[in-house]
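Reviewing the structure listed below.
The basis for the numbers below is simple: all heavy atoms, side chains too, and nothing from hydrogens, waters or symmetry mates. Counting starts at 1 for both ligands and their atoms, following the listed order.
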Amino acid sequence: MPEDRKPGPSSPFLHDATLLGHAGRDLPARGGRAVNPPVVRASTVVFDSLADWTDAMPRRMEPDFMQYGRFGTPSHFALNDALARLEGAEAALALPSGLAAIVATYLAFLGPGDHALVADTVYAPNRNCCNGLLKRIGVETTFYDPAVGAGIAELIRPETKLIFLEAPGSLTFEMQDVPAIAEAARARGVVTAIDNTWATPLYFKPLAHGVDVSIMAGTKYVVGHSDAMLGTIATDAPHYERIKKTIHELGYAVGPDDAWLALRGLRTLAVRLARHHETGLRLAEWLQGRSEVARVFHPALPGDPGHALWRRDFAGACGLFGLELQPVPEAAVAALVDGLELFGIGASWGGYESLVLPTRPEKLRSAVPWSGRGPTLRLHAGLEDPQDLIDDLAAGFERLRAVAG
Ligand SMILES: *Cc1c(COP(=O)(O)O)cnc(C)c1O
């Protein structure tokens, strides 16, 4: 393989923005002197001799050994390497979707008779997995109040094997005291995993806060352009072995083109997130001042119930937040949303474009019933000029008023 290039930067003390530009570029098969590593597509990998083939078999657990396409090519290894450095983890893995990363983590640590503690505010399909697949294989789930903090200790049973966190929570953005929960779990030998899609490791580093397994829907800000599905898992060596074995058993494989898109997304993550943070907060502040809005759910707002935890543990916010309108008929919400010109109506987020979606938290909470009275929405602030987004929303409120009276 052509090794005619200088190795990448060796300092372990580089800032994240620098890592984003340099990590994952000093691996083999990187395409001569091109800045970006090439896409390496492979199913079959051929070996020179029977002895080489036999030697290769056990090496497929290694993070950068190409034995068969399903276990990854240099395109995946470059992404995994960059993710691990960013997360401060010993190893990271790309998976076919964010949900696939969540499910693989559950299956790695839970089996019949085991018990899982899962935050009441997790991503809805995560909750469905607990109530469906996990239940079918004999795993019991208790959904806990995300505000539980160190009180999680009282919910841990002898058969509790995993605690799942998500901060802030999906749709309603409640913060969690992650270090307190992680410490209580560690004291009892329970594995912790967190869905860190919202903050990304740029704004919150789960492993540095005591969590064992850091998960992201890379589909969102890592890919960043709404054009590929990807999940990520980052962890330390003992948990990595178990997760990787489970992924091999599941047969998950990520296309090398998607891995390449994710690595390219990482290069601009720092600048994109800074802008999403700024615009999201500006919209949230403006919405807070509107009489049509009952509450804005955004932990970076000083009045938010999760603000102190966000300030203590997080280095920034992304562009995703929620709001509750004053009670109005559904037709008034439709008038607001349907006429928006810059906000698309659709699932997912984390791309360059703004989005809006009605939410139904009342259907997705069991530990703490939803107390809101008005319709709720989720907004994603994209990379557009914030004033244009505000003007679009302002026109939307005019339409809402025209219908609601
Ligand atoms: C979107 C999302 C996921 C799932 O990611 P997919 O790539 O769509 O499977 C998981 N967690 C959170 C918080 C999400 O927003």
| said: Distance under 4.0 Å to a non-hydrogen atom of E166: what atoms of ligand 1 satisfy this? | reply: 13 (C)
| query | side-chain contact (heavy atoms from CB on, under 4.5 Å) with S43: which residues, sequence neighbours excluded? | reply | Y68
| Short N/O distance, under 3.5 Å, between I102 and ligand 1? | no
| Could you walk me through whether R275 and E278 pass the salt bridge (charged side-chain N to carboxylate O under 4.0 Å, His left out) check? | CA-CA 5 Å; R275 179 66 179 259; E278 202 180 306; 5.4 Å; no
| Residues R295 and D304 bridged, charged N to O under 4.0 Å | no
| task | Pull out every atom of ligand 1 sitting under 4.0 Å from any heavy atom of S97, numbered as shown with elements. | result | 7 (O), 9 (O)
| task | Look only at interatomic distance and state if K220 has a nitrogen or oxygen under 3.5 Å from any nitrogen or oxygen of ligand 1. | result | yes
| K220 NZ/CZ over Y123 ring centroid, <6.0 Å and within 45° of normal | yes
| remark: Here the ring pair (Phe, Tyr, Trp, His ring centres under 6.0 Å) pairs for residues 330-366, sequence neighbours left out, are Y221-W349, H225-Y352
| Is the backbone of F143 close enough, under 3.5 Å, to the side chain of D120 for a donor and an acceptor to pair up by distance? | no
| field | Proximal ligand 1 atoms for M229, defined as those under 4.0 Å from one of its heavy atoms | value | 6 (P), 7 (O), 8 (O)
| field | Intermediate values then yes/no, salt bridge (charged side-chain N to carboxylate O under 4.0 Å, His left out), K244 and E249 | value | CA-CA 9 Å; K244 183 136 188 188; E249 287 163 345; over 6 Å; no
| note | The protein heavy atom nearest to atom 4 (C) of ligand 1 is Y123 CE2, 3.3 Å
| said: What protein heavy atom lies closest to atom 5 (O) of ligand 1? Include the residue and the distance to one decimal. | reply: A217 CB, 3.1 Å
| At a 4.0 Å cut-off, with the gap strictly under it, does some heavy atom of W198 reach an atom of ligand 1? | no
| field | Of the listed options L99, T219, V223, N126, closest to atom 9 (O) of ligand 1 (non-hydrogen atoms) | value | L99
| said: Counting only heavy atoms, tell me which of T197, N196, D195 gets closest to atom 11 (N) of ligand 1. | reply: D195
| Atom indices of ligand 1 within 4.0 angstrom of W349 heavy atoms, with elements | 15 (O)
| Heavy atom of the protein closest to atom 6 (P) of ligand 1 (residue, atom name, distance) | G98 N, 3.4 Å
| Which atoms from ligand 1 have a heavy atom of S170 less than 4.0 Å away? | 13 (C)
| said: Whether E292 and R401 form a salt bridge (side-chain N of Lys/Arg under 4.0 Å from carboxylate O of Asp/Glu) is what I want to check. | reply: yes
| request: Verify the neighbour count for atom CZ of R312: are there more than 12 heavy atoms of other residues, nucleotides or ligands below 6.0 Å? | output: yes
